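None of these values were measured; they are calculated from a predicted model. Excluded from the calculations below are hydrogen atoms, water molecules and symmetry mates; all remaining heavy atoms, backbone and side chain alike, are included. First the proteins, then the strands, lettered A, B, ... as listed; each starts at 1.
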Amino acid sequence: MIAPRVRFAPSPTGYLHIGGARTALFNWLFARRHGGTFVLRIEDTDRERSTQAAVAAILEGMRWLGLDWDEGPGVGGPHGPYFQTERLDVYRAQADRLIAQGKAYACTCTREELDVLRKQAEARKVQFRYPGTCRNRAYDPAQRHVIRLIVPEAGATSFDDLVKGTITTPHDTLQDEVILRGDGMPLYNFGAVVDDVTMEINLVARGDDHVNNTARQILIYQALGYPVPAFAHLPMILGADKTRLSKRHGATNLMSYREMGFLPGALVNYLVRLGWSHGDQEIFTMQELIEHFDWKQVGATAGIFNPDKLLWVNHQWLRALSDDDLARGAVPYFAAAGLPAADDQKLRLIVRQLRERAKSFVEIVQQARYFYAPIQLDEKARQKQLTAEARPFLQAVRDGVAGMDTMELAALERLFAEVAARAGVGLGKVAQPVRVALTGGTASPGIHDVVQILGKSETLARLDAGLALIP
RNA sequence: GGCCCCUUAGUCUAGCGGUUAGGACGUCGCCCUCUCACGGCGAAGACAUGGGUUCGAUUCCCGUAGGGGUCACCA
């Protein structure tokens with residue numbers, strides 16, 4: 001196989017969408033798999049909606065996921081510039097060439113005139129097609145005009161999509177398409193093709209909302225006289241109600257998943273598995289993804305975004321981290337929650353306990369709150385556990401801890417076991433009241449670990465406070 | 001509505017003419033257990049539908065239904 005040159009070409013009209021991230025990812029994986037080139041191009045010809053902030057957000061998202069680009073903003077490359085608005089002369093030149101060759105023409109029909117025709121077509125319930133009014137009109141550059149490509153009336157264009165198979169579009173469903181706007185801006189189909197040609201892209205992988213653009217683009221490649229690249233159209237990501245994923249389904253901004261405590265690798269893992277598979281394997285490292293990625297295994301059906309599965313994947317990734325990495329990764333999330341956790345031994349002990357219990361950094365923070373802040377006593381837990389019956393157990397544990405110099409796990413285990421044995425009750429009778437006094441609730445890591453992490457003085461203080469609450 | 005695409009459990013999928021239709025998330029049950037998790041074991045749960053082709057269809061073809069996409073001087 002010749003080295004692939006693929007690209008991701010987002011419009012900077014907002015943050016990096018989770019679907020866009022997936023498209024970028026598939027392109028990136030394919031490039032890395034085959035030692036190809038991954039190009040990042042910014043399609044900013046919609047000046048109304050494009051912003052510099054959005055460009056920055058997209059680059060940030062790409063970097064967070066670890067999708068490095070070989071050519072594009074920041075890194076340059078031999079086919080730049082990589083912003084479409086900096087390439088207007090290229091489009092103009094190509095359009096002029098098409099006009100000179102009689103393959104395109106200037107059209108002076110106004111939007112208003114066309115709207116009238118569109119309405120009429122709608123009233124007659126027929127598909128509107130530009131009637132070709134200006135096809136044979138003389139080219140007068142002085143008059144405001146758009147440039148249209150001459151599209152054949154008969155026949156059809158088809159191509160073999162790498163994921164969807166052969167797709168055929170009859171030409172009578174197409175029309176003389178506008179390729180250059182009145183203000184000189186290229187339209188999407190033209191800009192994308194000219195750029196893909198000049199950037200030597202040989203495989204175009206994008207969302208399947210572009211399937212219907214492909215025949216139009218192939219016609220442009222042919223008019224321009226360039227080879228047509230391969231195409232791969234990725235199925236959309238849908239929400240739980242099977243409609244296109246949007247804000248009402250939850251976060252669609254890639255970066256909000258960082259805020260929610262997800263690991264970029266986990267998100268990548270989930271996103272790839274949504275529509276791609278490698279046997280029964282669920283968890284992949286980046287390296288494994290690169291090794292196994294293949295368009296053949298990309299499914300043709302849209303996938304529903306499943307937050308539960310994402311969380312599960314994230315958990316698998318989280319628990320695979322070392323104590324050090326887990327602690328270091330968690331620090332910013334504690335800070336965001338206003339908790340004074342430092343990247344120290346205490347945190348490492350905490351995350352060691354929480355890695356099996358929390359599925360995201362945010363959950364780690366939630367479950368570790370009482371290690372860094374006063375307990376928030378759950379009322380039901382208090383009523384059930386901080387009772388007269390529990391008083392002697394709390395007192396015995398308190399006295400036992402008070403008599404210990406260091407919080408050794410083995411010693412703590414012995415203490416709890418002895419208190420329970422002496423009273424002839426199960427360990428739970430002792431551990432639960434202590435747990436409520438120490439954590440405020442009934443769910444936590446093992447009680448010995450909790451005591452050890454809290455340390456002697458804090459444990460005593462909380463036990464005393466708990467004892468004081470017993471009526 | 002026209003055109004294009006899609007259709008295995010609630011969800012992601014394996015399957016590539018002959019399988020007790022496999023795995024994963026989620027759900028439920030049991031075990032482990034100081035709670036919560038983790039882990040282990042187990043359960044329920046799918047080939048949209050009607051015709052073909054074939055000795056035999058989840059698998060190939062056609063229709064129907066359902067879903068998605070797209071019909072701009074947006075991308």
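- Using a 4.0 Å cut-off, no side-chain N or O of Arg124(A) falls inside it from OP1 or OP2 of G2(B).
- What separates CE of Met185(A) from P of A75(B) is a distance of 9 Å, to the nearest Å.
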Pick out the pairs of N or O atoms, protein on one side and nucleotides 3-9 of chain B on the other, that lie under 3.5 Å.
unit_1, atom_1, unit_2, atom_2, d
C5(B), O2', Lys164(A), NZ, 3.0

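- In this structure, Arg148(A) forms a cation-pi arrangement with Tyr130(A), its terminal cationic atom sitting closer than 6.0 Å to the ring centre and no more than 45° off the ring axis.
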Polar-atom pairs under 3.5 Å, protein N or O versus N or O of nucleotides 40-46 of chain B: list them with distances, or write none.
none

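- The separation between Leu409(A) atom CG and C34(B) atom P is 15 Å, rounded to whole Å.
- A close approach under 4.0 Å does occur between a side-chain nitrogen or oxygen of Arg118(A) and OP1 or OP2 of C73(B).
- Straight-line distance between the P atoms of G15(B) and C38(B): roughly 30 Å, to the nearest whole Å.
- In this structure, U35(B) forms no base pair with any nucleotide, since neither Watson-Crick nor G-U wobble geometry is met with both distances under 3.5 Å.
- OP1 or OP2 of C74(B) has at least one side-chain nitrogen or oxygen of Arg181(A) nearer than 4.0 Å.
- Taking the six-membered ring wherever Trp is involved, the centroid distance between the rings of Tyr270(A) and Phe305(A) falls below 6.0 Å.
- With respect to the salt-bridge test (charged N to carboxylate O, under 4.0 angstrom), the residues Arg124(A) and Glu122(A) do not qualify.
- The base-pairing partner of G66(B), taking Watson-Crick or G-U wobble contacts with both distances under 3.5 Å, is C6(B).
- You'll find that the side chain of Glu356(A) is closest to C38(B), out of C38(B), C34(B), U11(B).
- Two rings, from Phe262(A) and His315(A), have their centers 6.0 Å or more apart.
- Comparing A44(B) with G29(B), their C1' atoms sit 10 Å apart, to the nearest whole Å.
- Rounded to a whole angstrom, the distance from the P atom of U11(B) to that of U53(B) is 33 Å.
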